[in-house]
Amino acid sequence: MGLRKAKHKLSAIFRVAMRNAGKKPPDAANTSEAVAGESLEMDFIGQGMESWGSFPEILLPLRSFIDPSNTGQQQQDSGGTSLAGVVSSGFVKYREKKDDKDSSSSKKKTLELSAFLSEKLPPSTKKQHVARGRLQFETFKKKQSQLMKKLSKGCARKLGQETTFEVLFKMGKEAGEREYNARIQLCIENARRSNDAEYVLDQVGKAIEYLKEMRQGGFSIKEATYGPFFRYLVDMEMVEEFQIFKEFIREASPEPVEKLVYYEMLLWIQVNDEEKIHELCYTVDDCGRISLSILQEYHLVALCEKDRRENLQNLLEIVDITKVSSPEVLKSVFEYLGKSLLESVAVKLLWKLRDSGEVETVSNLIFSYASCIPNSTVEDAILKFNKLHEELDIVSSSSSYENLVNHLCGSNEVATALDVVENMCEAGLEISANILHSLLDAIGQILEFDLVQRIHSIMSNKCVKPNSETFRRSISLCIRIKDFEGAYNMLGNLKNFNLAPNSSMYNSIMAGYFREKNVNKALMVLKEMKEAEVKPDSVTFSYLINYCDQEEAIAEYYKEMKQAGVQASKYIYMSLIKAYASCRQFEKAKQVLMDQEVPTKDHNELKSVLIHALASNGNITDALSIYKEMKEAGCHVDPKTIITLIDHADSNEELTTLAQLAHKLHKSNYWIDGLFKIVVFAVRNNKSSSILDLLKETKNDLSKDDIAVEYWLEEVFRSIAETEPSDVKLGLDLLSFMKEELRLCPSRKCLDFLLHACVNAKDKQTALLVWKEYQVAELPYNVLNYLRMYQVLVAAGDSKSAKEIASKIPNDDRDVRCIIKESRVVFTPKPKKKTSKKKRFSCQAK
């Protein structure tokens, strides 16, 4: 069935279903009669014409609607049942059949998860009418909603949304507005992605049913619900259906309906109906409930979104820009004007706004325009920003400067952003905490820590309004560049802004000292915290415990934490595991998980930490044992933990065991790392016989990430060069695998390491093959290449070729001359000592 035919059938479904969706639910007394009538109608339709045999089941109830020749007879035999009721019944029956068909595939997942979900669901609570308990109830309701959202999200990710909805329904979780919105959005997304006409019909039918259920259930139908549906109808160019749906939303939605004209404008633009576009731009709401300016605001947004330059300019000629109420609409318009290089139009509108007294608004819109001009650098944007302010004779506002700074930071032009902020200081404009946070975050991302000092000088200005978070971020940056003095200066500046230090600031300094292995300084920070009357928190104690190297100190800090009333967090338990393992108290590390206070939800993550700690400290046997227990129980193991098991594998470990570990990483970003770590392990432990087979099995996946593969192949060649004896045959095979299977050109590092391996193996023939590869890869020979080749030739006893190579090595470098001289001594084969005839005969006699 073609999509065009499907579209016609979808149109019929939509029109009839919308009629039924608008009806209120029938009384209980009439329900049985309606069902009976629908059953009779369905039985009758089942005896219809053969031409309907190709229709999907969902369309069977529509025969009487689509085929006028059957209308009179069907109405007579149906006993007066409405066509809308027939459609509704058809949808229900179709869905029941579909559910029965799909239930077998999802039943197993549903049963496996239902017990888990029932344990996690919080108990329902009745609405409390006592004013005193209202706040407590609202808090509970909020937490319940957050928990359900998190739970539903996790289930949907693992099982799919349809199965999740079924599970929640069977558990008694009634569908709410959010659930219905998610279902409708899922159906529309599925319909968009599919080219199967039957499937599209099914998904749209489900979405209509969900809308009808929401309407009958008394739920509010807001833009989050109807927006995806409108956009789908627009993209499908379904004009009649759009109008039906629009009328339905007018009645069903509690929100102002002016937003509907936005979708209507999108529709006429999509079908390229110039007459309708012109009509919309110049007419008000047919009921007279909405002013012209409100409608035109949404028209402006739609015209900008669809790049209708001419229509936009015509509308801007009649719109009073000073009466546009939404800042977002103005922003969209000026951003579009910038993208379209319509500066004359933009300036004309800006003058109108300026004359009306909207100076700050004008300044912000200048930024919106200047920042969206295509093919312009940040310097161009700043010049245009300043030029328009001068032309309009206004001063840049603090908010427009803040937008400019954020734009520059987002473009990684932090130095330029700092120039702008310094200009703000000179102009006496207030520097908000948000501006400082943007600068600090950008510096941390681009790693230009030399700019930190400029931040410090800016913060000394009286126009700056930092908060505690600003100082925390500044201190963290100081610690990253190991500027502990600067961090303490930041602490001292707090009083200048009437701010008090907090534990997060001290924690950053303490962590920095611990990373530098300066335990005494780190403990001094703890003393300073207490002197400043700042209470240590769980993060403080997690650092103290994590870096303990004595069993007694671990217990002492944990006891102190309990006495201080600090609740043990997940990170405290992680620190306990790591600390005990580093002290080689492996049993105590395992016992941390036995603590009844450890939340059940954290067990898997803590077990991953335990495996990592045991493996890192030499107890690979117990680490693998716990890993196997987790896999048998179906628990998730952190990919980094599996990498640790591979890194610390015993030299006698079989490659098959490690390959199974790497297989568990296949769907993660660590898979290539794990695979090549196994290859390096095999090379270093002389277990290279199956390396090529392993790589060939995974070549399709390896070809998806050339950069990572090239890096790791260089590491493999490095391992070949560093291993004694060097397996040059494996090196040649890997070289062929790179070129023929992965279509990769070997890098200079790969060839350099392989040539070095040839020196170790004293293999002249392989070295000559590698020497040719430099030419194939168009890599010029350098001094190191000539020296390596010279050493191979000397070791092979080919003095003539060695002299020829040596003649190409520059003699002006003293170190190079020394290496050549030493190479002759080290690599020249030593002649065998000749024995006398008398001694040889005596040996033969013996």
Side-chain angles (χ1 to χ4, degrees), residues 672-673 675-676 678-680 682-684 688-811 813 816 819-820 823 827:
I672 291 180
D673 293 353
L675 176 69
F676 277 99
I678 293 173
V679 173
V680 170
V683 171
R684 293 187 182 279
S688 57
S689 57
S690 57
I691 285 178
L692 280 175
D693 294 335
L694 182 63
L695 291 175
K696 287 178 180 179
E697 288 174 4
T698 57
K699 68 176 183 180
N700 292 332
D701 296 309
L702 291 175
S703 60
K704 297 176 183 177
D705 192 345
D706 291 348
I707 296 176
V709 170
E710 286 179 357
Y711 164 78
W712 276 110
L713 283 170
E714 288 174 0
E715 291 301 306
V716 174
F717 281 108
R718 181 198 297 273
S719 300
I720 293 173
E722 292 175 351
T723 305
E724 293 286 349
S726 296
D727 192 344
V728 293
K729 182 180 182 304
L730 173 63
L732 283 179
D733 292 340
L734 280 175
L735 204 61
S736 299
F737 176 75
M738 281 184 72
K739 295 167 62 178
E740 296 171 10
E741 303 289 344
L742 299 181
R743 305 295 180 186
L744 293 176
C745 181
S747 67
R748 177 176 289 280
K749 280 188 177 182
C750 291
L751 296 177
D752 285 352
F753 285 132
L754 187 52
L755 188 59
H756 179 70
C758 294
V759 174
N760 292 341
K762 300 178 181 179
D763 189 333
K764 174 185 172 182
Q765 297 304 320
T766 304
L768 292 174
L769 293 175
V770 175
W771 193 253
K772 291 179 181 179
E773 289 295 333
Y774 283 97
Q775 296 177 344
V776 174
E778 298 181 353
L779 295 171
Y781 301 118
N782 56 30
V783 174
L784 180 62
N785 302 148
Y786 284 120
L787 287 172
R788 293 297 186 206
M789 195 63 193
Y790 175 78
Q791 291 170 346
V792 172
L793 295 172
V794 169
D798 189 350
S799 57
K800 181 179 178 182
S801 299
K803 287 180 181 179
E804 184 179 348
I805 288 289
S807 66
K808 298 179 180 180
I809 303 175
N811 293 324
D813 192 318
V816 171
I819 292 173
I820 294 173
S823 296
F827 291 99

When rounded to the nearest 0.5 angstrom, what is the spacing between CG in L695 and CZ in F737? 5.0 Å

Regarding S747 and E710, is there a side-chain donor-to-acceptor distance under 3.5 Å anywhere? no

Smallest separation among heavy atoms of A761 and S726, with atom names: CB-O, 4.1 Å

One should read off an interatomic distance between L768 CG and S801 OG, to the nearest 0.5 angstrom, of 8.0 Å

For V792 versus A767, what's the shortest heavy-atom pair and its separation? CG1-CB, 3.7 Å

If you take all heavy atoms of L754 and G731, which pair is closest and at what distance? CD1-CA, 3.7 Å

Find out whether L692 and L734 are in side-chain contact, i.e. whether some heavy atom of one side chain is under 4.5 Å from a heavy atom of the other. yes

Short question: side chain of D727, backbone of I720 - any donor-acceptor pair under 3.5 Å? no

Go through the steps to decide whether L735 and L769 satisfy the test side chain to side chain contact (heavy atoms under 4.5 Å, CB included), and finish with yes or no. CA-CA 11 Å; L735 204 61; L769 293 175; over 6 Å; no

Can you tell me how far CD of E804 sits from CG of D798, rounded to the nearest 0.5 angstrom? 9.5 Å

Out of curiosity, E773 CD to Q775 CD, how far, rounded to the nearest 0.5 Å? 10.0 Å

Identify the heavy atoms of A802 and Y790 that sit nearest to each other, and give their distance. O-CD1, 3.2 Å

Mind checking the CG-CD spacing from D752 to E714? Nearest 0.5 Å is all I need. 10.0 Å

Evaluate F676 against L713 for side chain to side chain contact (heavy atoms under 4.5 Å, CB included), listing each step before the verdict. CA-CA 8 Å; F676 277 99; L713 283 170; 3.8 Å; yes

Distance from L675 atom CG to L694 atom CG, nearest 0.5 Å? 5.0 Å

So P780 and R748, do their side chains get closer than 4.5 Å, heavy atoms only? yes

Using a 4.5 Å cut-off on heavy atoms from C-beta on, say whether the side chain of E715 contacts that of V679. no

What is the minimum heavy-atom distance between P746 and K739, and which atoms define it? CD-CG, 4.0 Å

In the structure I gave you, are the side-chain heavy atoms of N785 and W771 within less than 4.5 Å of one another anywhere? yes

Min side-chain heavy-atom separation Y774-L755 under 4.5 Å: yes

Flag side-chain contact, heavy atom, 4.5 Å: E722 against R684: yes

Close side-chain approach of L787 and V816, heavy atoms under 4.5 Å: yes

Nearest non-hydrogen partners of V770 and L751, listed with the distance: CG1-O, 3.8 Å

Close side-chain approach of F717 and L730, heavy atoms under 4.5 Å: no

